[in-house]
Structure formats: C-alpha cells, structure tokens
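One-based numbering, in listed order, for ligands and for the atoms of each. Residue numbers count from 1 along this sequence. Below, all heavy atoms of this structure are taken into account, side chains as well, without hydrogens, waters or symmetry copies.
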Amino acid sequence: MVLNPVISKLSGKLVVLASASPRRLEILNNAGLRFQVVPSWFKETLDKGLFKAPHEYAVETARQKALEVARRMPFKHLKTPDIVIGADTIVTVDGMILEKPVDKDDAYRMLSSLSGKEHSVFTGVAIVLCHEKENEEVDYQLIDFYEETKVKFADLSENMLWEYINSGEPMDKAGGYGIQALGGMLVEYVHGDFLNVVGFPLNHFCKQLDLIYNSSISSSDQESSTVWLSHNGNHATSNLTQPSSANHTHHIQSSPSASPVHKVKRKSSETELNESSMTLVNSLSKHTGDKDSANTKLPPMTSRGQVKEPEDGEPKKEDLQRICDLLDGFRASKALFTASKMCVFDVLHGRPGGLEAAQVAQEIKASLKGTECLLEACVSLGLLRSKERMYENTDLSTRFLLSDAPFSLRSQILHCNDTVWPIFSHLESGVLEGVSQRDKALSQTSKDQDTLHSSQDSKLRFMNAMHNIAKVTGKAIATAFDLSSFRTACDLGGCTGAMADEFTKAHPGLSVTVFDLPTVVQLREHFQPLHTDNRVSFVAGDFFKDDLPKADLYILARILHDCSDEKLDILLSKIADACTPGCGLLLSEIFLDEDRKGPSRGLLQALGMGEGKQRSATEYSLLLKSHGFITAHVRHTGNLLDAMLCIKA
Ligand SMILES: Cc1cn([C@H]2C[C@H](O)[C@@H](COP(=O)(O)OP(=O)(O)OP(=O)(O)O)O2)c(=O)[nH]c1=O
C-alpha cells in the first residue's frame, strides 16, 4: 500500500487521544499531530475468556476507551470531537495475556514468563469519527485495527529481573517492560513495528487514515472494519455498513515474513461483539433499509444524555425484556431440572422422528397436560425441537442432558434440583443470617421425601455431580499449562478421578494420585476410568488432617472457594509444608473479574452462603503468595472454570 500524507488532513479538526499513556502522547506529538488528551474512564476489565484471540481483546478495549470519551465529551466538555483515538497494548506469551503488573511479584511473574522467549505485543487501535447531526444527535463511525510485533527476550537472571523490577519501570507497562527505556536491555530482537511495542503503531495508523481520508472509495464501501453507532440504551445490534454481514479488516503485518498487506475476513461484527462490549443500534446510516440489519429501532439519545423515552411513555422493550428474563429464570431452571429428573431427554433419545406428547407422558408416567406444558417449555428453551407435534432432542440436549452422554450434566442438574434449589428457597434467611441454609433446607427436604436416600446413595449422587463438572472442564484445565517439568501430581479432593484422567491423558509423563475421603475412594469403582493405564491411583484420607501424598504438583480443583479462612490456612499450610521450592500448585476455580462485577456464575454461587468465598485471580494469587506460592501463569479458559499455576518459592 502506498502511503500518502495524512496528518495534514486532520488539521482544523478536533482530534482527541483517549489515553493517559505518555508514550502514545509522545509518538503522536512527534508525528506532528495536533490533538487534545482526554484519558478514558473505561475500566479495562473485559472478560478475556470471551475473546477467541488476544488481539480481539485489545481491539475491543481500545474501542471502549475511545467510545467512552466520544460519548462523554459532548456532555462534560460541551463539545463534540471530530475524531477520538483509543488504543490498548497487551503482551502475550504461552497463550496468556499480560497487561500492566499489579505489583512487583506480578512483574516478576510476567518477566520470568517472558525470559528467553519470543512473545507478541498487540496494540489494538480504535478511531471514532463523530458525525454530529442537525438534531444534536451524534453518529459514530468506528474503525479499528490491530498490529502485532514479535519481541524476543534474552535469558534473564534473577538478579537482572529484580534489578529491572526495582527500577520501577515495569509498573505502568503491559508485560512489565518498556522496550524504549531500560527494558531495551532485555530485548534480543524485534520483528515488526517498534513503536507498536511502545504503545502505538504509527505507520499502521497513518495507513488507516490514508484509507479514511484519501481513499477514492466511499466510507461505506471501505474495507476496514467500520461500524456506525449512535447513542442508545443497552442493546447490541450491529448495523453494518457493508452490504454483506461480515466486515473486512486490513491487517497490515509488518513482520518481514508476512505479505505487506493481507485482508483478514472477519467474523461478522455481531459474533465478535458481545452485548456488554459495545452499544450498537440501528442508526440512521445509509443502510437503514439494509435487510441484513433488521434491527430493533431504539429511541435515540438526546444531546443531554438521557434516553428519550418513546412519546407514549411506554418502558423500553429491551429493559422490560431484561427484567422478564430474570423473572422467568427460575421457571426455566426448574423446567430443565424437572425434564432431566423425569428422564424426558433419555426417553426421546434414539426415537427416530420423535414422540408425541402422549407417548412421552406414558413413558414418564405423567399427565398429558403436564407433559405437553413441559415439552413446549423445553422447546422454547432450545432443549427440544418439535415438528408437527412430534418432539425430539436438540444437539444441546443430546450433548449435555442424556444420562450417558460423554459430557452429561444430568447429575449436576439433579444436584442443583435436589440440593441447591432447596437452599436457594431459603435465600432470604441466608441473606438475613449470613450463613448457609443447607441444614435447614436439606433436613426439611429429606423429611419431605418418601424414602430417605441412604448415605451411600446421596454420596453417589454428589459424586456423580462432581464427575459431570470434572468431565466437562477437565481437558481445558489439564491442558492450560506446560506441566512437562512435573512427574507426580496429587489431585486433592479429586473425587472420581475424572480430572486426574484428563491430566494423565494430556501429560504422558505425569502420574496422578487422587487424595479424597475414604467414603469417596471406596465408591470410585462406580466411575470407570476413561483409559486403562495405571497412572491414576487413589489414596484415602482427609486433606485437613492427614499427611498429604508426596508430589511435585498439587491440584486444587473447586476446593478453595468452599473453605473457610481457617480451613484455607490449614490446607495451604499443609501443601506448602509438603512442597519443596519449585513444586507446583495448580488451582482451578471461577475467577471473578478484578472489579467483582462478574461473572454472575461465580457471584450467584456465593449466594449459597457457604463458609468460603469467591475470589478474583489477583485475590487467589495473593492468598497463595501468603503461603509461599508465586503465580506463574493464569488462564481464563472460557470454560466453566479458570486456572492458575503457582510455583513454590
Ligand atoms: C510493551 C510495552 C508497553 N508499554 C506501555 C504502553 C502503554 O502505555 C502501556 C500499556 O497499557 P495500556 O492499557 O495499553 O495503556 P495505558 O494504561 O498506559 O494508557 P490508557 O489505558 O489510558 O490508554 O504499556 C511501553 O511503554 N513499552 C513497552 O515496551
């Protein structure tokens, strides 16, 4: 691509850099750009697990930074900018995204994971062109791209690491280093745009401006990822300027091996955007009539920032829908629980063409009316499909709801129905008293049941539920990190050995001892191992009281969140005592967002009022550090559980 003069094209326009980064300011200043700096208030807490690739996370964060400033300025600065530029720089290594370190130990973790390795630096850039309309409304044209640069670190000694960390330079930089300053000492080579590492891919930016201001093609035919936006409430519907439903993005790779420019066909922006990541509406763009963007027309935002309610004062459909979804949530859960418990999905399995409601009613020994209502509700939830009154399983129910499906969640569902549901029926008492209502709920439930489950039956049902989760999450956790330096592992509370199976499958040199209560270990034969090799063994014991089996890696999957602080201290102290320096501790839990605003799966679980608590990755990292374990890697798996690998100092 030939590059033309572009900076002059912006003269006379109100250009805003939505960044507090002194490096970005310096880069754009040196390029002769005249602009204002309005740091973005957007909190960089997007859930990394939602993004399929690291650069998507950086681009989305850059978009949000720029949009926040573009939206705020008309109200706070009483002026609408012409262009707002946002950027986000991340470092990636071993599949992990490294942002700015939270403390020196975090900087150590980051830099030691970069030592001796080639890694990538991605900077996502968002350019928001603001188009003010005669009625004071503002349309935003959003153009984004990313740049990747490869950087190779030398092997760094402990002294080098700590000398660099103690310089203080790492603390406000992604990956914990500044290539343009002392951090330059750590770098063996750079493949690609150096300024991109520093924080802003100036060349790519200029090429993008060239496309915007010098290109002969109109903006609506541009091949960059351009999306039109205007203020709105809170629903994501993308309105593409492209005739097709997908965007094309110029991703200009500057690493010598790649072709100078190649177009990356992007997923339709609808698949890339999650509702919380951007507010898109059907604006009055040139393509309002585009059938592909059959969007819900939403009330525009007035220039004063309030959502203008429709003339008739009716509440916005989207807001009402959101509340109704929550209102109906428990009915949907109970429909799933009941259909699972009554084996509806098993009854329909293997019945070509499906069954009529009457046939299902007969098989599950239920009323026709009740069965019809249940089947129709399951169809509305996507758990069944019906055609001419014949009901069949969907792929979703076949994969997760059949009793014998490889990733069946039926036992977990029964656990939720029989144990969690009664506890949540006492949630108000739980909130009032601040303690678990388990005993009250279950003693009442067990009295209600015709036959009290034997302790073995209830133990088996619980183990089945844990087995379901371990089967669904095991591979993601077992493959989250390079464990080649470990030979023996101990899965504390490993229950049926399902997780241990996944670890031995993923790591041929690893053997795993499952350490769990005698009652659990003696019931393990009910859960056949997934393969025959004998690298999974079982030892009975209580990890709060008994000596732990010796291992060079300890696994804690969904254990810590259930422990009181006192039990945490006992367990982690025992593990620390059993470990020599270099031993590993692999933690698998739901990691809350750093601002504890999600994921709701974790925060709703906390309503069980158990004696434990839900934590963010940083909180777990600090907890483990207090017992001598330094966090080496964190992985948001995008599955039900996240993972963290720590090393005994
Ligand atoms: C890798 C690397 C990053 N950095 C800096 C660039 C960015 O300032 C920072 C990455 O963090 P960002 O979150 O991208 O930027 P920021 O927090 O500094 O500013 P804002 O969020 O307001 O835009 O790391 C360097 O200065 N040198 C480097 O070699």
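Heavy-atom proximity to Ile179, at under 4.0 Å, picks out these atoms of ligand 1: 27 (N), 28 (C), 29 (O). Atoms of ligand 1 found under 4.0 Å from any heavy atom of Ser19 (numbered from 1 in listed order, with element): 19 (O), 20 (P), 22 (O), 23 (O). The ligand atoms of ligand 1 that sit less than 4.0 angstrom from a heavy atom of Gln180 are 25 (C), 26 (O), 27 (N), 28 (C), 29 (O). Each of the following atoms of ligand 1 lies closer than 4.0 Å to a heavy atom of Thr89: 10 (C), 14 (O). Taking every heavy atom of Gly178 and a limit of under 4.0 angstrom, the matching atoms of ligand 1 come to 27 (N), 28 (C), 29 (O). The Glu44 neighbourhood of ligand 1 comprises atoms 13 (O), 21 (O), with distances under 4.0 Å to a heavy atom of that residue. Remark: ligand 1 atoms within the under-4.0 Å shell around heavy atoms of Ala87 are 23 (O).
His561 and Gln614 are not linked by any side-chain donor-acceptor pair at a separation below 3.5 angstrom, with hydrogens and angles left out of the test. Donor-acceptor pairing under 3.5 Å is recorded for the side chains of Lys104 and Asn166. Using modelled atom types, one finds no donor on one side chain facing an acceptor on the other under 3.5 Å when comparing Thr149 with Asp193. Donor-acceptor pairing under 3.5 Å is lacking for the side chains of Ser157 and Asn159. Checked by atom type, the side-chain pair Tyr189/Glu118 shows a donor-acceptor distance below 3.5 Å.
Under 4.0 angstrom from ligand 1, the non-hydrogen atoms of Arg23 all belong to its side chain. Proximity of Asp172 to ligand 1, defined as any heavy-atom pair under 4.0 Å, is confined to the backbone N, CA, C and O atoms.
Nearest protein neighbour of atom 18 (O) of ligand 1, counting heavy atoms only, is Ser21 CB, 3.6 Å. Lys100 NZ, 3.6 Å is the protein heavy atom nearest to atom 12 (P) of ligand 1. The shortest contact between atom 3 (C) of ligand 1 and any protein heavy atom is with Val197 O, 3.5 Å. Closest protein heavy atom to atom 6 (C) of ligand 1: Val198 O, 3.0 Å. With hydrogens left out, the protein atom closest to atom 15 (O) of ligand 1 is Arg24 NH1, 2.9 Å, a heavy atom. With hydrogens left out, the protein atom closest to atom 24 (O) of ligand 1 is Ala174 N, 3.0 Å, a heavy atom.
Listed here is the closest heavy atom pair of Lys648 and Cys579: CG-CB, 4.0 Å. Closest heavy-atom contact between Gly582 and Ile647: CA-CG2, 3.7 Å. Between Phe591 and Pro599, the shortest heavy-atom distance links the atoms O-CD, 3.6 Å.
Checked by distance only, ligand 1 and Lys65 come closer than 3.5 Å through their nitrogen or oxygen atoms. Taking only nitrogen or oxygen atoms, main chain and side chain alike, Ala20 reaches within less than 3.5 Å of ligand 1. Any N or O atom pair closer than 3.5 Å counts here, and Ala18 shares no such pair with ligand 1.
Under a 4.0 Å heavy-atom criterion, Glu99 is not in contact with ligand 1. Remark: distances from the non-hydrogen atoms of Gly175 to ligand 1 are all 4.0 Å or more.
Under the rule for a ring-ring contact (aromatic ring centres under 6.0 Å, His included), the partners of Phe200 that lie at least two apart in sequence or sit in another chain are Phe205. A search for ring-ring contact (aromatic ring centres under 6.0 Å, His included) contacts involving Phe153 returns His119, Tyr177, not counting sequence neighbours.
Lys117 pairs with exactly one of Asp155, Asp94, Val151 by the side chain to side chain contact (heavy atoms under 4.5 Å, CB included) rule, that one being Asp94.
Here Lys625 pairs with Asp105 in a salt bridge; the nearest charged N to carboxylate O distance falls below 4.0 Å.
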